A.B. asks: 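Here you go, one structure.
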Amino acid sequence: MPVARPETSETRVIAHVDMDCFYVQVEQRKQPELRGLPTAVVQYNEWQGGGLIAVSYEARKCGVKRSMRGDEAKFACPEIQLVQVPVARGKADLNLYRSAGSEVVSILAQSGKCERASIDEVYLDLTDAAERMLADAPPESLESMDEEVLKSHILGMSREDGDDCKESVRDWMCRRDADHGDKLLSCGIIIVAELRKQVLKETEFTCSAGIAHNKMLAKLASGMNKPAQQTGVPYSAVQELLSSLPIKKMKQLGGKLGTSLQNDLGVDTVGDLLQFSETKLQEHYGINTGTWLWNIARGISGEEVQGRLLPKSHGSGKTFPGPRALKSLSTVQHWLNQLSEELSERLSSDLEQNKRIASTLTLHASAFRSRDSDSHKKFPSKSCPLRYGAIKIQEDAFNLFQAALREYIGPFGINPQGNKKETWRITGLSVSASKIVDIPSGTSSITRYFQSQSTAPSHSADGCVQEHVAMTPSASEGCSEQRSTETEVAMPEEDTSVTCTLPNFENSYKDIDLVSEKDVVSCPSNEATDIPTQSESNKGTQAKRIGQKINNLKEKNRGIPSIVDIFKNYSATASSKQETQEDSTVSSTSKRVNFSISSHNSEVNQEVEERRETDWGYKLDEIDQSVLDELPVEIQREVRSFMRPNKRFNVGKSKGDGSASSIAHYFQPLKR
DNA sequence: ACGGATTATACC
DNA sequence: TGGTATAAT
């Protein structure tokens, strides 16, 4: 799984910044009276007091652990404060933590290349900033050194304990005979201390950090002294550090691969890996993983910090464990509607805040079958082009689910006699949006277009009339066909149309019978958590509609792409990516840390831009005319205006292969 | 089939 | 490509 990356010749300074029990801190900022108290954040769950997803350090002292239940936590630490994760649409809502994470990123991103590694972690490439500091104001030239810097831990440094450790830190950092790597590292340590102070000041969050020469070591170090501390890793300390490090502690080795190393090769520490030749490791784990292992044993990892501040996908999911497993199509639909709504909302935010659009919708589910023999078959994932608008996402998600369900159940359908109960149970559902690309910021009409697609649900709920749009001809047909039945069922709220349409992706409508009538129309009463989504009258109508041949969703989903597809063909990168790096999610109100950091800001960003240009490789001239014709005229003109000159773009003197090189140029204002 | 919701990435 | 598997938090 891991892939080998040769270490770059140049010495880098990489930091990994990790927020301390992040969700707890977010809640404590909201309720300051919780500060200093043993606190944990629990996920909404009646069962056993909920599951802990974050635990404060005070609570950890009492022996409270993540992956305890709320009840256990109270037992271990009676005075613990349990805060519930917000709930929206019947599921955990993490938006509060997402935006808190963005606050942090926007501060950390100022110092150099920054990668959002998770909601509460970032990697920074501080090489340039450190290099600049070393040239302009090296540590030994500083008259005073910040307290936060002096509190740093530096691996391999004599005995850090007692009070003179601050002195030794200063000495180490200012020592004249240090090699270039150590000097750069010292600068990194100073920069990170400053950044962490700034994060604390502007967000009230503490974090821990590791500073090293690559991501792997930085990550390792950030976890070594928590909370609210930082750790530096000089080259000279690497061997000793790794020699005794349990193999499973290493990133990527916490799972099966690590287990295999232990069991099959008798490797217990990273140091143990050194005994094996590169070819030996390759024999066992393949060329890529083999070399990767050989490298990490030596502290070598050339993995670059991706200049990415925003997530590459959005997902919304929920599990339905044990007895809560969903057994009817209508409850599945209910939950898919909830999940789709949340996803749609987040896509809208992403569009307006970041000017990005997603182009693929994917449905994942997990299931089991009790009655049948092979009760453990994987429920397949399905995806289709993503159409903006909550209703559309709901429809598409449900259709994807049904397609997957048929596959899951098997080509033999189930119960030809219709006597057996359905055997499937859904234990998890999730919808996600991926292939997210930037749209040019100058084209406001496009933004407006998508916003109109995603808002005003009641307005667009009356199905077919929905705007001019990216609807394919075949889809429109299907729509009008539905229309007659649809209007009579029209319910005020959600779930009007899609409920019982069983689009047949395979064009064989025998498949429709796969699901018994009972399952479609009713919510069994023994399913406590099942929420009735339809009225009685609705159910009757549904039943009648079962077996009807309805629209052909296969065409709808697979046929001519929606407007989003236009953008998958354009190089996402260049100009708009640059923006992402700079103003991304949050207002960049924060000031720069110091001159040496900010002075290199633009250069760093430029690097990012150049590198990213090759990330995506879409070709603009592959857009089908028929796709354009589907669009509102306003948009057609706009899109064509920046397509036309592009027919011959591959002649510039830009570097690289130039295939997608300066497409950005064509996305400039171009007013007419 | 209880650690849940999310994200990323490599592989085929 | 889409779908699967693995891993991390």
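In what follows, chains are A, B, ... by sequence order, proteins preceding strands, each numbered from 1. Bear in mind that the values here come from a model prediction, so they are computed numbers and not experimental data.
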A.B. asks: Return whichever of A/Thr427 or A/Gly317 has its heavy-atom-nearest nucleotide of DNA chain B closer to the 5' end.
C.D. replies: A/Thr427
A.B. asks: Using a cut-off of less than 4.0 Å, is there contact between a side-chain N or O of A/Arg116 and OP1 or OP2 of B/dA8?
C.D. replies: no
A.B. asks: If I take atom OH in residue A/Tyr285 and atom C1' in nucleotide B/dA10, what distance separates them, rounded to the nearest angstrom?
C.D. replies: 17 Å
A.B. asks: Between A/Phe22 and A/Phe205, is the ring centroid distance below 6.0 Å?
C.D. replies: yes
A.B. asks: Considering just the side-chain nitrogens and oxygens of A/Asn288, establish if one lies under 4.0 Å of OP1 or OP2 belonging to B/dC11.
C.D. replies: yes
A.B. asks: Taking atom C1' in both B/dT9 and C/dT1, what distance in whole Å separates the two?
C.D. replies: 16 Å
A.B. asks: Which part of the nucleic acid, if any, lies within reach of A/Ser316 when heavy atoms closer than 4.0 Å are counted: base, sugar-phosphate only, or nothing?
C.D. replies: sugar-phosphate
A.B. asks: What nucleic acid atoms does A/Gly51 come within less than 4.0 Å of, heavy atoms only: base, sugar-phosphate, or nothing?
C.D. replies: nothing
A.B. asks: For nucleotides B/dG3 and C/dA7, find the distance between their C1' atoms and express it as a whole number of Å.
C.D. replies: 15 Å
A.B. asks: Measure CD/A/Glu115 against P/C/dT9 and give the value in whole Å, please.
C.D. replies: 14 Å
A.B. asks: Looking only at side-chain atoms of A/Ser383, point me to the closest of B/dT7, C/dG2, B/dA5.
C.D. replies: C/dG2
A.B. asks: What's the closest nucleotide to the A/Asp120 side chain, out of B/dA1, C/dT9, C/dA7?
C.D. replies: C/dT9
A.B. asks: Is a side-chain N or O of A/Lys377 found less than 3.5 angstrom from the main chain of A/Tyr408, in a donor-acceptor match?
C.D. replies: yes
A.B. asks: If you only use heavy atoms from C-beta on, which nucleotide in C/dT4, B/dA10, B/dC2 is closest to the side chain of A/Val3?
C.D. replies: B/dA10
A.B. asks: Which one, B/dT6, C/dT9, B/dT7, comes nearest to the side chain of A/Lys91?
C.D. replies: B/dT6
A.B. asks: Is it true that A/Glu304 and A/Lys113 make a salt bridge, defined as a side-chain N closer than 4.0 Å to a carboxylate O?
C.D. replies: yes
A.B. asks: Is NZ or CZ of A/Lys318 both nearer than 6.0 Å to the six-membered ring centre of A/Trp335 and within 45° of the ring axis?
C.D. replies: yes
A.B. asks: Heavy atoms under 4.0 Å, any strand shown: does A/Lys248 hit a base, just sugar-phosphate, or nothing?
C.D. replies: nothing
A.B. asks: Between A/Glu407 (CD) and C/dG2 (C1'), how many Å, whole number?
C.D. replies: 12 Å
A.B. asks: Using OP1 and OP2 only, check whether a side-chain N or O of A/Arg98 sits under 4.0 Å from B/dT6.
C.D. replies: yes
A.B. asks: OP1 or OP2 of B/dA8 less than 4.0 angstrom from a side-chain nitrogen or oxygen of A/Arg308, does that happen here?
C.D. replies: yes
A.B. asks: Calculate the interatomic distance between A/Tyr97 atom OH and B/dG4 atom P; express it in whole Å.
C.D. replies: 16 Å
A.B. asks: Just N and O in the side chain of A/Thr319: are any of them under 4.0 Å from OP1 or OP2 of B/dA5?
C.D. replies: yes
A.B. asks: Take atom CG of A/Leu363 and atom P of C/dG3, then tell me their distance rounded to the nearest Å.
C.D. replies: 11 Å
A.B. asks: Please tell me whether A/Ser381 and A/His364 have a donor and an acceptor in their side chains that are separated by less than 3.5 angstrom.
C.D. replies: yes
A.B. asks: What nucleotide, of B/dA1, C/dT6, B/dA5, holds the atom closest to the side chain of A/Lys256?
C.D. replies: C/dT6
A.B. asks: Between A/Ser313 and B/dA8, is there a contact of a side-chain N or O with OP1 or OP2 at under 4.0 Å?
C.D. replies: yes
A.B. asks: Between A/Ile287 (CD1) and B/dC12 (P), how many Å, whole number?
C.D. replies: 13 Å
A.B. asks: From the list B/dC2, B/dA1, C/dT9, which nucleotide is the closest neighbour of the side chain of A/Trp47?
C.D. replies: B/dC2
A.B. asks: Over all strands shown, is A/Ile119 touching base, sugar-phosphate only, or nothing at heavy-atom distances under 4.0 angstrom?
C.D. replies: nothing
A.B. asks: If you look at every strand shown and take non-hydrogen atoms under 4.0 Å, does A/Gln48 touch a base, only sugar-phosphate, or nothing?
C.D. replies: nothing
A.B. asks: Within the pair A/Arg346 and B/dT7, is there a side-chain N or O less than 4.0 Å away from OP1 or OP2?
C.D. replies: yes
A.B. asks: Whole angstroms only, please: what is the CG-C1' distance between A/Leu386 and C/dG2?
C.D. replies: 16 Å
A.B. asks: Checking contacts here: which listed nucleotide (B/dA8, B/dG4, B/dA5) is nearest the side-chain heavy atoms of A/Ala92?
C.D. replies: B/dA5
A.B. asks: Between A/Glu103 and A/Arg29, does any side-chain N to carboxylate O distance fall below 4.0 Å?
C.D. replies: yes
A.B. asks: In whole Å, I'd like the distance from the CG atom of A/Asp71 to the C1' atom of B/dC2.
C.D. replies: 14 Å
A.B. asks: To the nearest 0.5 Å, tell me how far A/Tyr123 OH sits from A/Gln306 CD.
C.D. replies: 11.0 Å
A.B. asks: Categorize A/Glu342 for me: base, sugar-phosphate, or nothing, with a 4.0 angstrom heavy-atom threshold over every strand shown.
C.D. replies: sugar-phosphate
A.B. asks: Tell me whether the side-chain N/O atoms of A/Lys435 come closer than 4.0 Å to OP1 or OP2 in C/dG2.
C.D. replies: yes
A.B. asks: So which one's nearest nucleotide on DNA chain B is more toward 5', A/Arg66 or A/Pro2?
C.D. replies: A/Arg66
A.B. asks: Do A/Asp264 and A/Ser260 meet the criterion of a side-chain donor-acceptor pair at a distance under 3.5 Å?
C.D. replies: yes
A.B. asks: Does C/dT9 have its OP1 or OP2 closer than 4.0 Å to a side-chain nitrogen or oxygen of A/Lys219?
C.D. replies: yes
A.B. asks: From the options C/dT9, B/dA5, B/dA1, select the nucleotide whose nearest atom is closest to the side chain of A/Leu94.
C.D. replies: B/dA5
A.B. asks: Choosing from B/dT9, C/dA8, B/dG3, which nucleotide comes nearest the side chain of A/Gln252?
C.D. replies: C/dA8
